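Some notes on the structure that comes next.
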Protein chains: 2
Amino acid sequence: MADVADRAGVSRALVSIVFRNQPGASQETRERVLRVAEEIGYRPDSAARLLARGRSRTLGVMFTVHQTFHTDLIEGIYPEAERLGYDVLLSAAAEGRSEAKAIEALLGHRCEALILLGPEADPAYLDALGQRAVTVSVSRRVPRARVDFVHSAESKGVRQAMDYLVELGHRRIVHIDGGRGPGSAERRRSYRAAMRRHGLEPEIRVIPGEHTEQSGIETGRLLLAERDRGLPLPTAVLAGNDRCAMGVLMALVRAGVEVPRDLSVVGYDDSHLSHVMPIGLTTVRQDAVLMAEHAVRFAVERLEDPQLQPREAVLDPKLVVRGTTGPPPQGAAG
Amino acid sequence: MADVADRAGVSRALVSIVFRNQPGASQETRERVLRVAEEIGYRPDSAARLLARGRSRTLGVMFTVHQTFHTDLIEGIYPEAERLGYDVLLSAAAEGRSEAKAIEALLGHRCEALILLGPEADPAYLDALGQRAVTVSVSRRVPRARVDFVHSAESKGVRQAMDYLVELGHRRIVHIDGGRGPGSAERRRSYRAAMRRHGLEPEIRVIPGEHTEQSGIETGRLLLAERDRGLPLPTAVLAGNDRCAMGVLMALVRAGVEVPRDLSVVGYDDSHLSHVMPIGLTTVRQDAVLMAEHAVRFAVERLEDPQLQPREAVLDPKLVVRGTTGPPPQGAAG
DNA sequence: GCGCTCTACTAGCGCGCTCTAGTGCGAGTA
DNA sequence: TACTCGCACTAGAGCGCGCTAGTAGAGCGC
C-alpha cells in the first residue's frame with residue numbers, strides 16, 4: 001500500500017480512500033491510484049483491513065459434508081450475502097471434524113455471524129454461541145437459545161405426505177426418524193399425529209435412524225429380515241430425509257422388492273438427489289433458496305441492529321410426487 | 001488479550017507465548033493464563049495474528065457445489081491439513097458465482113496456498129494464479145502452468161472399464177464426455193484408444209456432455225430418440241463421471257430400459273453417490289482421501305520450501321463393479 | 001484584504017497480535 | 001566473590017490497513 005502511495009505520489013490514506021470507494025479523492029487521482037495498484041499487483045489485505053475497522057462483514061457458514069441439501073442452501077446463500085455486501089466463509093463438519101471445530105474455525109476467522117446448517121450440537125452450546133455472535137440455525141429448532149431460526153413447517157410437510165399415502169390406500173406406514181438430526185423431532189411428532197388422525201394408531205411404528213444412506217440401508221435390511229421371519233412388510237416408508245430414503249430404496253430394490261409396486265417410499269428435503277435418481281423420489285420439498293435468503297437476511301439485519309431479537313421464519317414445504325409412491329399391493333391387509 | 005494479561009498478572013507477550021504453545025512460560029503460568037482466558041471468553045483473533053506474523057498458515061480450497069466427489073475430497077483435506085498445522089478455508093463455485101470469484105475470496109482472506117478441486121478456468125488464469133500463490137490443481141491437468149497437480153491415471157481407469165466391458169461381450173460402447181470438465185480430455189482419449197485396441201474403431205462414438213446429471217439425462221433422451229427412429233441402442237455407456245451416469249440411468253430406466261439387462265452403464269469417480277443408489281453404480285474409483293492428502297502435502301511442502309518446483313502425483317484408479325453392468329443383450333449385434 | 005466554505009489531501013494513532021531484544025534472578029562454576 | 005548460563009518473563013516495534021482530526025489551497029462575497 002505504501003508502494004502504491006509512493007508511486008502514485010499520494011499518501012497512504014488516499015489510497016485507502018480510493019480502495020474503499022469513498023468520497024474524498026478526485027476522479028483523476030482515483031484512476032492513477034488504481035492503475036498503479038494494478039501495475040504492481042497490489043490487493044488490499046483483508047486481514048489488516050478487518051483488524052483496522054473492527055468489522056469483517058463476513059458471514060460464517062457451517063455445513064455438513066455429504067449433506068446434499070446443504071449444498072443447495074449454500075448455493076442460495078452466496079448471492080444474497082453478496083447483495084447485502086457481505087463475504088461468506090465456509091467450514092465443513094465431517095467425520096473426524098466436529099461441528100464445534102468447524103464453528104471455532106469460523107469464529108477464529110472473525111466471522112460476525114454464524115449460519116449453521118442443520119446443527120446437531122446441543123442447545124446449551126448453541127445458546128452460548130448465540131450470546132457471543134449473531135447465530136442463525138437452519139432446519140434445527142433450538143428452543144430457548146439466542147439464535148434465529150429458519151425452517152420449513154415440518155408438520156405441514158409430513159401431513160401432506162401422510163394424507164397422500166393414506167389416500168392411496170396405505171395403512172401400514174412406518175417412519176424412519178432422523179435421531180438428533182434437524183427437524184427429526186417434529187417430523188416424528190407429525191407422523192404420529194397423522195397416523196392417529198387417520199385412525200391408524202395401532203399401526204404407528206417409528207424406527208430409530210439417522211439422516212444418512214447407511215441408516216436407510218440398515219433399516220431396509222431390518223424390514224427384509226422381518227419379512228423373512230414371516231412378518232409383513234410395511235406398504236409405505238416415510239424416511240427422515242432423502243438420503244435415508246435412498247438407503248432404504250437401495251436395500252429393498254437390491255433384494256428384489258419392487259418400488260412402488262410392493263412398497264412406497266417418501267423422502268424429505270427434495271435435495272438435489274431426489275430428482276436425479278433413476279426413479280425420481282417422492283419427497284417433501286423445502287425451498288432451499290428461500291431458506292438461504294431468510295437465513296442471510298436474519299443474520300445481517302441483526303448485525304446492523306443489535307437491538308433486534310432473534311426471529312423465526314417458517315416456510316411452507318410442498319409434497320412432490322415422483323416415482324417411488326403408488327397404491328399399496330393388492331394382497332396387503334393394509 | 002490485554003485483559004487476560006492483566007487478570008493473570010503477566011504481560012501480553014506471555015499470553016501470546018502460552019497461546020502459541022511455545023517454550024518460555026512455566027507450567028503454572030500457562031494454566032493460570034488459560035484459565036483466565038476461559039473465564040472471560042478470550043480467543044486469539046486470527047486476523048491480528050495473521051497480520052502480525054505475516055504467515056496465515058491457511059489453505060484455501062475451491063470446490064464446486066453439487067460436485068459430490070469434491071465433498072469426498074474435502075473430507076480428506078481437513079485431517080491432513082490439521083496434521084500439518086494448517087487451517088482450511090472453503091469457497092464454493094456455483095451457478096452465479098464463478099470460480100474466479102471463489103478464488104478471489106480465498107486470496108482476499110490471505111490463504112497462502114490454493115487447492116483447486118477440478119478447476120475449469122482457463123490455463124492462462126491458472127498459471128497467473130500459480131505465480132502469485134502456491135497452487136495445486138486436483139483432477140485437472142494444466143500443462144504449462146506453475147501449479148502442482150494431483151490426479152488419477154485416467155487412462156488406466158478407462159482402460160480397465162473398457163477391457164471389462166469388452167470382455168463381457170460389449171462392442172457398441174459409447175462415451176459421454178465431460179466437455180471442459182477435469183480429466184475429460186484424457187478419458188476421451190483413452191476411450192478412443194481402448195476401442196481401437198479392441199478392434200472396435202468403427203464403433204467409436206463420443207457424445208459431447210458435461211459432468212452433471214442434466215447432461216446425462218439429455219444424452220439418455222437422445223439415445224432413446226434414436227432408438228425410436230429405428231437405430232439400435234448402444235449396449236454400454238461409459239459416462240464422464242458418476243453424476244452423468246446417474247442422469248443416463250434416470251432417463252433410460254424411466255423409459256423402461258432395464259439396466260443392466262438391456263444396457264450397461266459405467267460411471268467415473270466412485271463418489272458418494274455410486275454406492276448408495278438402489279442399484280450400485282459400476283464405476284472407476286479414485287481414492288479421494290489419498291488424493292486429498294497429496295494435494296495438501298504438495299501445497300504445504302512448497303510453502304515451506306519455495307525453491308521446490310511444482311510436482312505431479314498420479315494415483316492408480318480401480319474399477320469397482322457393481323450393479324449397472326452385465327453382458328450385452330442376446331439380440332444385440334454387439 | 002479578511003473570513004468563510006468546500007474540496008483534495010495528509011499525519012499519525014490504533015486495531016490485536018507476534019517477535020526481537022532485552023531484563024532480572026537463582027543456580028552452578030571457577 | 002565474580003562470573004556465566006538458562007529460565008521466566010517484559011518492553012516495545014511493527015504487521016497493513018481504517019479513521020479522525022487536521023491542513024493547504026481554491027473560490028467566493030463583502
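Owing to the predicted nature of the structure, the values given are computational and were not obtained by experimental measurement.
Of the side-chain N and O atoms in A:Arg20, none sit less than 4.0 angstrom from OP1 or OP2 of D:dC17.
Sorted by first and then second residue, the pairs that involve residues 49-64 of chain A and meet side chain to side chain donor-acceptor pair (under 3.5 Å), not counting sequence neighbours, are A:Arg55-A:Tyr86, A:Arg55-A:Glu112.
Here B:Glu82 pairs with A:Lys101 under the salt bridge (charged side-chain N to carboxylate O under 4.0 Å, His left out) rule; sequence neighbours left out. Qualifying salt bridge (charged side-chain N to carboxylate O under 4.0 Å, His left out) partners for B:Glu38, counting only residues two or more places apart in sequence or in other chains: none. When the side-chain hydrogen bond (donor to acceptor under 3.5 Å, both in side chains) test is applied to B:Glu301, the partners found at least two apart in sequence or on another chain are B:Arg311. Every residue meeting the side chain to side chain contact (heavy atoms under 4.5 Å, CB included) condition with A:Leu51, not counting sequence neighbours, appears here in chain and number order: A:Arg110, B:Ala48, B:Leu51. Not a single salt bridge (charged side-chain N to carboxylate O under 4.0 Å, His left out) links A:Glu75 to another residue, sequence neighbours left out. The salt bridge (charged side-chain N to carboxylate O under 4.0 Å, His left out) search around A:Glu186 returns A:Arg141, not counting sequence neighbours. Residues passing the side-chain hydrogen bond (donor to acceptor under 3.5 Å, both in side chains) test with B:Glu154 are B:Arg187, B:Tyr268, sequence neighbours excluded. B:Arg32 is linked by a side chain to side chain contact (heavy atoms under 4.5 Å, CB included) to B:Ala8, B:Val10, B:Thr29, B:Arg35, counting only residues two or more places apart in sequence or in another chain.
The side-chain hydrogen bond (donor to acceptor under 3.5 Å, both in side chains) with B:Ser91 is formed by just one residue from the set B:His109, B:Arg97, B:Glu104; it is B:Arg97.
B:Asp45 places its CG atom 12 Å from the P atom of C:dC15, with the value rounded to the nearest Å. Taking atom CZ of B:Arg57 as the reference point, atom P of C:dT18 lies 13 Å away to the nearest angstrom. Atom CG in A:Leu50 sits roughly 12 Å away from atom P in D:dC19 (whole-Å rounding). Between the CD atom of A:Gln22 and the P atom of C:dT7 there is a distance of 15 Å, given to the nearest Å. Atom CG of B:Asn21 is separated from atom P of C:dC19 by 13 Å (rounded to the nearest Å).
B:Pro44 comes within contact range of the sugar-phosphate backbone alone, with a heavy-atom separation under 4.0 Å but no base atom that close.
Five base pairs at each end of the helix from C:dG1-D:dC30 to C:dA30-D:dT1 define two local axes, and these are offset by 60° (rounded to 10°).
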Contact letters for nucleotides 5-15 of chain D, in which S counts primed atoms plus P, OP1 and OP2 and B counts the base, heavy atoms under 4.0 Å: ---SBBB-BBB
Under 4.0 Å protein heavy-atom contact, by nucleotide of nucleotides 21-27 of chain C - B base, S sugar-phosphate only: -------
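More than 12 heavy-atom neighbours from other residues, nucleotides or ligands sit within 6.0 angstrom of CZ on A:Arg30.
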